[in-house]
Each structure stands twice: as structure tokens, then as C-alpha cells.
Number of protein chains: 2
Amino acid sequence: MTEPRWLDAVQQRDWRAYVEGSVRLADLLDRDLKSKHGLTMAEYEILVRLSEAPERRLRMAELADIASQSRSRLSHTVSRLECKGLVARNNCGADKRGVFAELTEDGFAFLSKAAVDHVATVRDFFVDVIDPDDLRAIGRAFTAIADQVAKAR
Amino acid sequence: MTEPRWLDAVQQRDWRAYVEGSVRLADLLDRDLKSKHGLTMAEYEILVRLSEAPERRLRMAELADIASQSRSRLSHTVSRLECKGLVARNNCGADKRGVFAELTEDGFAFLSKAAVDHVATVRDFFVDVIDPDDLRAIGRAFTAIADQVAKAR
DNA sequence: CACGCTTGATTGAATATTCAACAAAATTCC
DNA sequence: GGAATTTTGTTGAATATTCAATCAAGCGTG
């Protein structure tokens, strides 16, 4: 049996601060987006990724991957977005199993409006309240974390 | 109408890295805790907070507050933890509306085991993959963010 | 004291997410 | 070529979370 390696006091404090802060921030961003535009962060993320893809469309599997969602979850969520007319599904010629999720014109217009408010909130509660150097540190750190998580799978 | 203030390229990249990394990390921690001990992070957090409270118990409202959960959610979650025998509810003498959530002996023992594995995972995917200075930066930043979110309510 | 107002906590229905099972098409391998 | 396997995507049931309504108790004020 191996001895558990606990965090030291400072590490513990920083880790806890992160857990609490990130939960509260996520909660705020969700509420903000939901109250102003009826979207969750997960839905917003899907729209953003589609908007940036060539022809504003992506295969479901790839979209699930870059939006960090399970395929099942994406399937359900895209169905909801489809009902709202923001996304459309069309099947992919090359691979007959494949399905493209495509951002509609309405979806793009809707996203453009939502993005303005969302970015303002991200500024107000994230970018503008932290030191620029600390923001860089966060960027570095979470890139490394994402890599590590990806490596483990 | 005010001009939207977009993020510059670097801010954008760092913000996105954070969103992606934090979602992936949260997902991994949840899966890890769930597969090894049948707990979600939210449930784990509740147990931790109770374990640190005097007499290992807290009023529901206070627990909801420090665990960053809605009261409704806490109510449901505590019911589940109660079914598992990890937490008990007892009513508070002073304020007849009040309810204490208390960590049981079983709950404490259970948490002790779970914590060993959880901390190891936090090390493997968070603490040990980032620069110590960056960890400090994260601590500072998310403390400021949590304050800002709290201020806004 | 009694009226309105706030706080503490729970409930059930609506909504969202996970999980396991499935079907269909593509790929691998002999 | 064709059986076995993998990949893609969806589905429905089980589970969890949100949301709005409710109830009971405390508090403040005229």
C-alpha cells in the first residue's frame, strides 16, 4: 500500500479557490446566457464551433470532440437546437453513417447577438478582474491540463 | 448603442483554453470519483465541507452556500446521500425551521477512502502538470473571480 | 397582537444529462 | 469475399438538475 501524498497547505488553498471560483463562474455564465438568450454554455459552445468551421458545419463526432461533450449529449442537444431552427442536420455523402450539423442563417444571426452579451460578461467576471499575467498563466496551465486528460484516454 | 469590446487574440486563446481545460478536467474528476466510489464532485464537495465543520454538521442554507449549490439541489442531493447512509438530517433546536446535515461515521470513513484517490487524481491531472507559479496565479485569479461573482448578486 | 415580509427548506414537474443498448455503415483481416 | 470488429450516430430509460410553487417559522412594525 502506497502512502497518500496530500497537497501542502498552499496547493490545497489554490486548488480549492479554483474549484469554488470555476463553479461560481460557470453558474453565472449559464444564468446570464440563459436569461438573456435562452442558451446554456454547452449550447453556445456548439454554435460557436459550428460558426468557425468551414461551411459552418461539422460531423457530429468531430463536433462532440471539440465541444468536449459526449456523443449522446450532443445528439440530444442538437435536436433541441434544431427545434429552435438554429442548427440543421444533413447527411454526409461520402460516409453514409455520417451526419453534418450545420449552423443555419438564423443560428448565425442569433449567435452574433448572444456573443456580444456573452463576451461582455466574460470580461466583467473573468478577463477584467484578473491580472494579465495571471490570465496567461491560466492559458498555459489549462492547455497542459487538457493535454494530460487527452493523453490519459 | 455601445460598441462591443471583443477580446484580443491572446485573451481569446487563453479564455478558450480555460473553458476547454476546465470542462475536460471536471469531466475526468467526475468519472474518476464515480467509477471508484460512486460519487459526483458535487456530492464529494458536500461531504468535505461537512467533515471540516464543527461537529461535522451544517445548516442546509450554509452548506448550500459554501458548496456553491442551490438549496433545491442540495436538498435533493442530501436526500440521496442520506439514503446511502453517509449523511443524516436532524433538526435544529434554536430555529425550528432549520435543518442540520450531519456527516455520519460511515460517511466520514467513506470520505476518507475517497479522498485518497481523489487527491491522487487532482495531483496527476492538475497540480503536477502545471508550474507552481501558475498554480499560485490560478489561486489568485479564481479568488478574485469568486469575489466578483459574489459582489454581483 | 396581528399584519405583512423575509428566511429556511422541501416538493414535484419540467428539463437536461448520463448510461447502456442498438442499428447501420465502414474497416480489418484472414 | 465475407465474417468479425470498429466507428458513427441515435434512442429510451434512469438519473440529476432546475424552476416555480409551497409551507412553516421567524422578524419587524404599527
Side-chain angles (χ1 to χ4, degrees), chain A residues 23-24 26-46 50 57-84 86-102 153, chain B residues 23-24 26-46 50 57-84 86-102 153:
Chain A
V23 169
R24 297 205 127 104
D27 197 60
L28 179 113
L29 292 175
D30 255 338
R31 275 169 203 292
D32 183 66
L33 215 38
K34 184 90 107 177
S35 68
K36 291 180 185 154
H37 303 279
L39 290 178
T40 64
M41 267 297 277
E43 292 167 332
Y44 178 83
E45 183 74 13
I46 288 170
L50 288 177
R57 64 181 201 177
L58 285 169
R59 292 281 298 266
M60 293 295 279
E62 194 182 352
L63 180 53
D65 227 42
I66 64 181
S68 314
Q69 295 185 23
S70 73
R71 293 192 187 182
S72 171
R73 182 181 178 180
L74 180 68
S75 217
H76 288 295
T77 307
V78 165
S79 296
R80 284 191 307 264
L81 293 172
E82 212 175 7
C83 285
K84 294 191 192 179
L86 305 179
V87 170
R89 273 188 241 245
N90 13 39
N91 41 10
C92 157
D95 184 342
K96 276 179 197 150
R97 296 166 305 179
V99 172
F100 278 115
E102 179 177 344
R153 311 192 43 248
Chain B
V23 168
R24 296 204 127 104
D27 197 61
L28 179 113
L29 292 175
D30 255 339
R31 274 170 204 292
D32 183 65
L33 215 38
K34 184 91 108 179
S35 69
K36 290 179 185 155
H37 303 278
L39 289 179
T40 64
M41 266 297 277
E43 291 168 332
Y44 178 82
E45 183 74 13
I46 288 170
L50 288 177
R57 64 181 199 176
L58 285 169
R59 293 281 297 265
M60 293 295 279
E62 193 182 352
L63 180 53
D65 227 42
I66 64 182
S68 313
Q69 295 185 23
S70 73
R71 294 195 186 178
S72 171
R73 182 180 178 182
L74 180 68
S75 219
H76 288 295
T77 307
V78 164
S79 296
R80 284 192 307 264
L81 293 172
E82 210 175 8
C83 284
K84 295 192 192 177
L86 305 179
V87 169
R89 274 187 240 247
N90 14 39
N91 42 10
C92 157
D95 184 342
K96 275 178 198 153
R97 297 166 305 179
V99 172
F100 278 115
E102 180 177 344
R153 309 193 44 251

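Below, chain A is the first sequence line, B the second, and so on; all start at residue 1. Atom set for the values below is all heavy atoms of this structure, side chains included, hydrogens, waters and symmetry mates excluded.
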- prompt: Mapping A:E62 and B:S70 to their closest nucleotides on DNA chain D, which lands nearer the 5' end?
  reply: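 Closer to the 5' end of DNA chain D: A:E62.
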
Using every non-hydrogen atom in the two residues, find where [X] and [Y] come nearest and quote the distance to one decimal.
{"X": "A:M60", "Y": "A:S75", "value": "CE-CA, 3.9 Å"}
{"X": "A:A64", "Y": "A:L74", "value": "N-CD2, 3.5 Å"}
{"X": "B:C92", "Y": "B:R59", "value": "SG-NH1, 3.8 Å"}
{"X": "A:L50", "Y": "A:A101", "value": "CD2-O, 3.3 Å"}

message: Measuring from atom NZ of A:K84 to atom CZ of A:R80, what distance do you get when rounded to the nearest 0.5 angstrom?
response: 8.0 Å

What is the distance from [atom1] of [X] to [atom2] of [N], rounded to the nearest Å?
{"X": "B:E82", "N": "C:dT10", "atom1": "CD", "atom2": "P", "value": "9 Å"}
{"X": "A:Q69", "N": "C:dT18", "atom1": "CD", "atom2": "P", "value": "8 Å"}
{"X": "B:R31", "N": "C:dT18", "atom1": "CZ", "atom2": "P", "value": "7 Å"}
{"X": "B:N91", "N": "D:dC23", "atom1": "CG", "atom2": "P", "value": "20 Å"}
{"X": "A:D30", "N": "D:dA16", "atom1": "CG", "atom2": "P", "value": "19 Å"}
{"X": "A:F100", "N": "D:dT10", "atom1": "CZ", "atom2": "C1'", "value": "18 Å"}
{"X": "A:M41", "N": "C:dT15", "atom1": "CE", "atom2": "P", "value": "23 Å"}
{"X": "B:L58", "N": "C:dG8", "atom1": "CG", "atom2": "C1'", "value": "15 Å"}

- prompt: With respect to the side chain of B:R97, which nucleotide from C:dT10, C:dC19, D:dG26 is positioned closest?
  reply: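 Closest of the options to the side chain of B:R97: D:dG26.
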
task: From the options C:dA9, D:dA16, D:dT10, select the nucleotide whose nearest atom is closest to the side chain of B:K34.
output: D:dA16

field: Stretch residues 71-80 of chain A: residues that reach within less than 4.0 Å of DNA chain D through a heavy atom
entry: A:R71, A:S72, A:S75, A:H76

query: Side chain of B:E43, backbone of B:T40: donor and acceptor closer than 3.5 Å?
result: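 Yes, B:E43 side chain to B:T40 backbone: donor-acceptor pair under 3.5 Å.
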
message: Once ring-ring contact (aromatic ring centres under 6.0 Å, His included) is applied, do any residues pair with A:F100, and if so which ones, sequence neighbours excluded?
response: none

- request: Could you pick out which residue, A:K96 or A:T40, lies toward the 5' side of DNA chain C when each is mapped onto its nearest nucleotide?
  value: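 Between the two, 5'-proximity favours A:T40.
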
- prompt: Base, sugar-phosphate, or nothing: which does A:A101 touch, judged by heavy atoms less than 4.0 Å apart?
  reply: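 Contact class for A:A101: none.
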
